[in-house]
Every structure is written in C-alpha cells, then in structure tokens.
Amino acid sequence: MKKQLIAVAIAASFVGATTQVQAAGFQLAESSATGLGRAFAGEAAMADNPAVQGRNPAMLSYLEGRQISAGAIYVMPDVDAMGRVSLTSLSDKQPFSVTMNADALDVADNAAVPNFYYSNQLNDSWTWGLALNSNYGLSTELPAAHAASIFGNKTAITTVELNTNIAYRIDEHFTVGAGLRGVYGDGEIGASVPGWIEGVRAIPDLPAEVTSRLPAAGTELKHLEGDDFGYGWQVGASWQINANHRLGIAYHSHVELDLDGQARGLVYTGGTAEVEGYLPLELPAFAELASYHQLTENWAMHASINWTDWSVFNKLVAYFPGEQKPVGGLESDLVKEENFKDNWRFALGTSYQLNNAWLLRAGVALDKTAVDDEYRTITIPDTDRLWFSVGAGYAPSKNLTVDLGLTYIRAHGDAPINETQELMGLAQVAFQGDASGHVWLAGLQVTYKM
C-alpha cells in the first residue's frame, strides 16, 4: 500500500522535490550546501568538509583533526501537470462522453532538507565519521475534489539516514572507506473522488441502484500510510594521481523497506475503517565516478557521472497479512505498474579561490529521467532536468567556514502523461497532459574545525 504512496511521491520528484526534489524518481541530491554551489560536480572526489562522507567515505582521509558541519537546503518547487480528463461510458444503454480541464498547478510543496556531519582523524591512517541526512523524499497534494484526484491527490514520503563511516589511507596516493547505513522511511498516499462525480450522478436514466453507489465528491478512495527501518552499506576509494589531480569512486547499496501501516477508504474498507497492510519498497543503489583537477593555484575543475539503479522500481504491490482483509478478501493489491529504468546524471563544476577568505563555485548538470514517456503518470511526472548552480565559501577564521549555494533547476524536453482508470464499471477515466516546472534551491552550510 505504501507503494502507491511512493509512486505519487515520486511524482513530486521531478522535482525530485519532489522530494528528488532534485534528482530522478524520488531521490534527493542535496547532501550539503557546499556541493550545491557547484551542482554537486565532483562530490566523490572533493574534500571540503565532513559532508564528503555523504558521497564517498574514503574522502574522510583528507580531513585533519576533528570537524563538524551542519546545514540545510530549502527546496522551492513550482511543478505543474497540465492536462484534461475525459470520461467515456462503458455501457451502450447510457452512452456519454465528456472532457474537462484537469490542470494541476503547483503540486509540490516547499521543504527543507537538513544535514549534519562529523569527522575525527584518529591518526595518520584512520579517520572515522558520522552522517545524518536524507537521500529520498517528497511531498505533493491536490484538492480532494480535483478533476484528477482519482489518480492520486496526496503523497508524502520522508526518509532519514544515519550512517557511520571509516576511512583508511593506504599511502600518499590511495584511500579507501566504508560505512553502514540505517534508513528510516515514513510515507502517506491518498486518492479521492473528483468533483465531476456529481455530473455523472445527474446523467438522465442512470439507474437508481447505480447512482446510490456513487460516492460524494472528495470522498477517500484509498488512503495508505506506514513506516519502516532498513539497513544498507556504502564503500568508496580515491586515487591521488598527483598533487593536482584526483579521482574518486563510491557505491551505495540498495535498502529494502516494508512500509507497515494502515489502509482505509472505499476501495479497501468501504469507509473509514482501517486494515493492516505493508508495501515492500526497495530504495535503489547508486554510484558515482568523480574527478578533481587543480589547474592553477587558484582555479580548479571537477566533474561527476552518477548512476542510479531505478530499474528495481518495477511495480508497487500492497500486501494485507492481517486477519481483517480489505473488501473482497484481498491478500494483495497491484497498486501501480511503474517500469522505471536506470538513470544517469552528468555534472561539471568549477571553483576559484578569490583570496584567503573567499572561494567561489559554479556548476551545471544534466539529470536524465528514470521513466520512458509511455509509463509516465500524473503521480510520477518525472522528466529530464537541467541544473544551474552558483555558490561561495567564506572563512572568517582558519577554523570556521560558511558556505552558501543557490541552484535553479528546470525541466528539459517533453514529458507527456497518459493514464487511464475505470470508474466502478460505468466509465473509463483518462488523463492526457504533460508535466513542466522548475525548482529553486537555496542552502547554507557551517563547518567548524575543532
């Protein structure tokens, strides 16, 4: 059941903001405001502050002493799903066909993505660290009686990840690192009866036994919520080719969650009563290959190629193991076919040391969609995204650094949406439209060397 929730959640995702508010699906890229200023280019090869362990635990070996870093990125999405809903009768006795506007404006909510990191150099070889952040999340909502609410009117998913990491310096050229990940996930999803149901009820000659079954506009069709805690791991390595050039590579494992909770609504229980259920959800594995190049004393370039195993997100199936079953004695419910594919992200960034106190950053990125046009839905309007980022770091003292980052993300290319659903055997409901929008990200990071 949680599954549909995730689906819709993903919707906001173009936004990624979806959640990934800023990355494909419902993945989040916002590990730190430091990286935000360069579009997260070269993250697995950077050594700015303890936030590096969020991408590559091996980079902890480059940090001296004890350091603490904390910050947040505020996500401001403006995502629209523009389209029309059509109803076509499935009965020859009461034929009808009607089309109406179903534009969904500003479907994704603003959100803050906080983070916290700590590093401790134990000796010349070993460094350990602690990270608290989020790699997945999003929130979207439509009015309960919106013309497209039958496809999903509310979705929210939140994850919090705590991981501890250890890095080892093999020699002056090579470092390795590994970490354990604990992930808490919480989600909610809902679908409701659109306002046009009243027009269906008013169709002449519609049998009384049919009209009596039609729910009122805004009535909950499905409502699912639950949570779970899962585990994973991450590994990384770096190669300091020479004093000016460095490569980094990192891999984060998948994390399996069974979002346990409750289901209600007309489809499941006929009303407000609840039944137990859970939705298996696999948070996909992801990897990064990055490089850092110090071209002059003040100027550096960095780049990343990221891959996410979104092909594991094939379908969402809810299970009902309790003694009390949904209407019809359902043991499981195929909420949605998703058919995601692996996605890639490409980023290029630069940094310039203006003086002892100021460091300037900039970057661009292309984040490819994780869904083909034929499978995109109104609850998951994922699309290609272009990133444009600027940032700056200010060091008022040798122990304190304040980083600022600002990013503009816009949808790139067409993102058609075609989705159909049957209404109680009376009509076929179809949504046809497309997704568009943009996102602003603003971040602040403060790092202190203890």
Side-chain angles (χ1 to χ4, degrees), residues 1-13 18-19 25-26 136-142 144 148-160 182-194 213 215 218-232 254-284 310 312-340 375 377-380 419 421-425:
M1 65 176 62
K2 246 34 221 224
K3 83 203 238 158
Q4 180 164 355
L5 149 189
I6 304 288
V8 181
I10 293 183
S13 162
T18 322
T19 292
F26 49 97
Y136 303 91
L138 90 86
S139 176
T140 60
E141 187 169 1
L142 293 176
S149 63
I150 191 173
F151 297 104
N153 75 306
K154 185 176 184 180
T155 298
I157 182 169
T158 302
T159 65
V160 179
V183 180
Y184 171 79
D186 176 88
E188 179 183 8
I189 185 173
S192 56
V193 179
R213 292 170 49 208
T219 300
E220 277 188 337
L221 290 172
K222 290 185 179 182
H223 185 273
L224 312 163
E225 58 183 318
D227 60 3
D228 193 23
F229 192 89
Y231 300 90
H254 72 278
V255 176
E256 295 183 354
L257 299 175
D258 286 336
L259 297 174
D260 297 312
Q262 307 294 323
R264 67 173 185 265
L266 292 180
V267 174
Y268 289 138
T269 65
T272 59
E274 296 183 336
V275 295
E276 295 180 2
Y278 72 93
L279 171 70
L281 176 68
E282 182 175 340
L283 302 178
W310 275 117
V312 302
F313 192 62
N314 185 40
K315 59 184 178 181
L316 294 171
V317 180
Y319 295 91
F320 307 100
E323 293 184 6
Q324 185 177 0
K325 303 295 183 184
V327 174
L330 287 178
E331 295 284 347
S332 64
D333 177 33
L334 175 59
V335 179
K336 210 165 220 182
E337 295 276 0
E338 299 299 346
N339 297 305
F340 267 36
Y375 299 118
T377 66
I378 191 173
T379 55
I380 312 179
E419 192 168 8
Q421 187 168 317
E422 187 175 305
L423 174 65
M424 301 176 66

Peer 1: Any heavy-atom pair between the side chains of Leu281 and Phe313 that's under 4.5 Å?
Peer 2: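 The answer is yes; the side chains approach within 4.5 Å.
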
Peer 1: CD/Glu282 to CG/Leu257 distance, rounded to the nearest 0.5 angstrom?
Peer 2: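 The CD atom of Glu282 sits 10.0 Å away from the CG atom of Leu257.
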
Peer 1: Indicate yes or no: at least one non-hydrogen side-chain atom of Val312 is less than 4.5 angstrom from one of His254.
Peer 2: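 The answer is no; the side chains never approach within 4.5 Å.
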
Peer 1: Can you give me the closest heavy-atom contact between Ala144 and Asn153, atom names plus distance?
Peer 2: CA-ND2, 3.9 Å

Peer 1: Output the distance between atom NZ (Lys154) and atom CD (Glu220), rounded to the nearest 0.5 Å.
Peer 2: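 Output value for this atom pair is 8.5 Å.
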
Peer 1: Is any side-chain heavy atom of Asp258 closer than 4.5 Å to one of Tyr319?
Peer 2: no

Peer 1: Is the number of heavy atoms from other residues, nucleotides or ligands within 6.0 Å of CD (Glu422) greater than 12?
Peer 2: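 Yes - once you tally the heavy atoms of other residues, nucleotides and ligands closer than 6.0 Å, there are more than 12.
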
Peer 1: Which heavy atom of Phe151 sits nearest to which heavy atom of Glu419, and what is that distance?
Peer 2: CD2-CD, 3.6 Å

Peer 1: Which atom pair, heavy atoms only, marks the closest approach of Leu330 to Pro326?
Peer 2: O-CD, 3.3 Å

Peer 1: Does Val327 reach the side chain of Val267, with side-chain heavy atoms less than 4.5 Å apart?
Peer 2: no

Peer 1: Roughly how far apart are Glu274 CD and Leu224 CG, rounded to 0.5 Å?
Peer 2: 10.5 Å

Peer 1: Roughly how far, to the nearest 0.5 Å, is NE2 of His223 from CD of Gln262?
Peer 2: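 Rounded to the nearest 0.5 Å, the CD-NE2 separation comes out at 11.0 Å.
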
Peer 1: Only counting residues at least two apart or in another chain, list the ones meeting ring-ring contact (aromatic ring centres under 6.0 Å, His included) with Tyr231.
Peer 2: Phe229

Peer 1: Suppose we screen for side chain to side chain donor-acceptor pair (under 3.5 Å). Which residues come up paired with Glu141, at least two apart in sequence or across chains?
Peer 2: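 So Glu141 forms no side chain to side chain donor-acceptor pair (under 3.5 Å) with any residue.
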
Peer 1: Going by distance alone, is a donor N or O of one side chain under 3.5 Å from an acceptor N or O of the other, for Tyr278 and Asp228?
Peer 2: no

Peer 1: Determine whether Asn339 and Asn314 make a side-chain contact, defined as any pair of heavy atoms from C-beta on separated by less than 4.5 Å.
Peer 2: yes

Peer 1: Please find the pair of heavy atoms, one from Gly185 and one from Thr159, that lie closest to each other, and give the distance.
Peer 2: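 What the structure gives for the nearest pair is CA-CG2, 4.2 Å.
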
Peer 1: Look at the side chain of Lys222 and the backbone N and O of Tyr268, then say whether any donor-acceptor pair between them is shorter than 3.5 Å.
Peer 2: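 Answer holds: no.
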
Peer 1: Tell me, with the steps shown, if Ile150 and Val193 meet side-chain contact (heavy atoms from CB on, under 4.5 Å).
Peer 2: CA-CA 6 Å; Ile150 191 173; Val193 179; over 6 Å; no

Peer 1: For Pro284 versus Tyr136, what's the shortest heavy-atom pair and its separation?
Peer 2: O-OH, 2.7 Å

Peer 1: Treating Thr269 as the side-chain partner and Ala273 as the backbone partner, does any N or O pair qualify as donor plus acceptor under 3.5 Å?
Peer 2: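 Side chain of Thr269 to backbone of Ala273: a pair is present.
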
